[in-house]
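Worksheet: one structure, shown below.
The residues of the chain are indexed from 1 along the displayed sequence.
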Amino acid sequence: MRGRTGLRNDGRREFLRRTAGACLIVPLFRNGKLGQPVAAPGPWFRDIAVQCGLSAFRDLSGSLAKDYLVETIGSGVALFDYNHDGLLDVFLVNGSTFEILTDPSLPRTSSRLFRNNGDGTFTDVTKPSGLLNEGWGMGVAVADFDNDGHPDVFITNFGANALFRNNGDGTFSNVTREAGLEGGNWSTACAWGDYDGDARLDLYVARYVDYDRAKIPRPESSDFCRYQGLAVACGPRGLPPLPDLLYHNEGNGKFREVSREAGLYKVDPAYGLGVVWSDLDNDGALDIFVANDSTPNFLYHNNKNGTFTEIGFEAGCALSADGRAQACMGIAVGDYDNDGWIDLFVTNFSEDYDTLYHNQKGSFDDVSMDAGLGAPTYKSLGWGTSFLDFDQDGWKDLFVANGHIYPQANAAGNSYNQSNLLFRNLRNGRFDLIPSEQSGFVVKRSSRGSAFGDLDNSGRLSIVVNNIDEVPFVYAPVPGPRGGWVRFKLTGTKSNRDAIGARVRVTANGLTQLGEVHAGESYVSTCDPRLHFGLGAASRIDSVEICWPSGAVERHGPLGINQEFAFVEGKR
């Protein structure tokens with residue numbers, strides 16, 4: 001994040017000229033092909049946080065004045081089925097305050113686990129579950145690290161991190177110290193992935209600033225503590241960055257930090273805020289993309305020998321199109337144009353645009369302005385983000401959660417509370433911003449982490465957003481015209497049990513879509529691990545191809561629509 005405008009006046013005029021133009025909406029379906037523009041129906045979503053019980057949670061992140069950087073960046077959310085009842089539960093990461101951390105007499109804050117009751121409501125089960133993270137929470141990544149069939153929870157903190165092992169009976173045990181995953185100082189995003197093909201999930205932990213409150217300058221003390229001429233929290237520029245951590249899963253509940261031997265130490269530390277594992281060059285091995293704040297992004301290419309090579313500059317995703325290091329936060333990962341290659345979307349600071357990197361067979365082009373995403377995201381400050389097909393026409397749309405870090409933004413021509421954004425995929429490489437009254441995102445808050453999933457198993461996707469110092473948003477889909485759908489739940493046998501890194505190709509009505517299983521994405525969050533595909537007007541699925549992390553390839557079909565299929569590796 002940065003407090004100074006990233007574009008000069010001449011560049012800004014050219015930028016606005018290129019991104020201006022008519023906003024068009026395409027019909028939901030026309031045999032999978034582009035149709036004539038029509039008005040969009042709406043609203044698509046409504047906020048049901050109060051009705052469903054999740055408004056019982058309120059994030060706490062330092063003082064409202066936000067004099068220190070650690071108070072500004074907020075926390076994530078995870079959607080997963082912790083008790084195997086077939087329903088997605090909600091875990092909301094909570095922050096803390098300096099006073100709570102330093103005064104043992106004050107009550108601790110905790111992140112909160114809410115059980116899905118199956119009737120549209122949720123119950124807080126944090127205490128009976130034992131999932132008590134009482135540190136200053138930042139990010140969360142959920143996956144079955146020990147392959148016992150139960151999803152485990154890793155949480156990053158300002159301070160020591162925490163790993164909670166799922167006991168399989170509705171409770172969790174803190175096994176951080178035994179696992180060797182305490183880390184330290186200030187960790188942010190985290191994600192699971194098996195980089196060496198041993199069927200055990202490894203862990204990448206992004207870290208931010210080497211932060212000692214006693215040594216951090218106060219607002220007004222340097223050029224790195226100003227935004228639009230106003231005194232604000234200092235950093236990250238001017239503060240020392242921390243190297244990220246890569247943990248290899250040794251088995252038996254143990255991890256070993258291997259960033260040096262894996263080649264990550266060959267690059268200078270940066271201010272890491274987002275991370276995702278993805279096979280970005282289609283070579284069958286998971287690479288690592290890291291979104292860095294005010295420093296170039298990292299793309300670690302998997303060399304398939306236990307090491308990585310950082311190729312962000314060569315691949316074209318380290319900087320913006322005009323050669324600037326942007327202040328990057330969240331990452332959406334998905335094949336938005338259905339060409340068989342995973343693309344990246346990165347959220348950035350205000351007075352700069354969010355960046356769409358189109359994957360050109362392993363290298364990337366910044367196509368943000370040509371895609372119509374430049375001007376609509378220029379004023380806002382983006383965090384959580386995901387590609388999701390909300391209208392289920394077979395083309396991935398885009399969600400962006402926004403909110404400023406400086407309360408002073410209100411006096412600087414911007415806003416602290418900002419609108420979240422929903423973009424429809426126009427199927428021609430462009431996106432169109434849906435107005436707030438049509439998206440349903442009418443209330444403005446300062447949003448941070450977000451995750452999507454099917455909370456009621458209706459075949460329609462909801463979005464949960466963690467809001468700093470506020471109650472969350474629970475955007476539930478409003479009944480309306482949508483296409484058919486299909487969902488896949490994968491279980492590995494030779495691969496890791498959660499099939500993290502597996503790829504599914506679905507062909508229906510002449511259109512082939514690609515999905516990839518992740519455990520950690522968006523901004524410091526974890527989405528529904530099941531792969532959801534919109535099918536438009538298709539009446540059946542012609543074929544399904546599953547590429548397992550082990551390298552095994554299976555093909556199925558034809559299959560029916562509007563249902564979930566569970567596939568176990570090696571079993572028909």
Worked check of salt bridge (Lys or Arg N to Asp or Glu O under 4.0 Å) between Asp454 and Arg530: CA-CA 9 Å; Asp454 187 349; Arg530 302 171 296 181; 5.2 Å; no
Euclidean distance, Asp85 CG relative to Asn116 CG, rounded to 0.5 Å: 7.0 Å
Within-4.5 Å side-chain heavy-atom neighbours: Thr512 and Thr507: yes
Plane angle bin for Phe158 and Trp136 - parallel if under 30°, tilted between 30 and 60°, otherwise perpendicular: perpendicular
Heavy-atom check, side chain of Leu113 versus side chain of Phe172, under 4.5 Å: yes
Whether Trp277 and Tyr195 hold their rings parallel, tilted or perpendicular, with breakpoints at 30° and 60°: parallel
Euclidean distance, Tyr523 OH relative to Met329 CE, rounded to 0.5 Å: 8.0 Å
Tyr204 OH to Tyr247 OH distance, which is reported to the nearest 0.5 Å: 12.0 Å
Non-hydrogen side-chain atoms of Ile500 and Asp194 separated by less than 4.5 Å: no
Crowding at CG, Asp212 (>12 non-hydrogen neighbours, <6.0 Å): yes
pair Ile463-Leu388: side-chain heavy atoms closer than 4.5 Å: yes
Nearest-0.5 Å distance, CG of residue Asp196 to CG of residue Leu286: 10.5 Å
Between CG on residue Leu344 and CG on residue Asn297, distance to nearest 0.5 Å: 9.0 Å
Phe255 and Phe145 aromatic ring geometry - parallel, tilted or perpendicular at 30°/60° bounds: tilted
Leu455 side chain reached by Val464 side chain, heavy atoms, under 4.5 Å: yes
Interatomic spacing from CZ in Phe452 to CZ in Phe390 - rounded to 0.5 Å: 13.0 Å
pair Arg503-Ile342: side-chain heavy atoms closer than 4.5 Å: yes
Ring geometry between Phe567 and His556 (parallel below 30°, tilted from 30 to 60°, perpendicular above 60°): tilted
Beyond-backbone contact of Ile73 with Met138, side-chain heavy atoms, under 4.5 angstrom: yes
Heavy-atom side-chain contact between Asn133 and Asn157 under 4.5 Å: yes
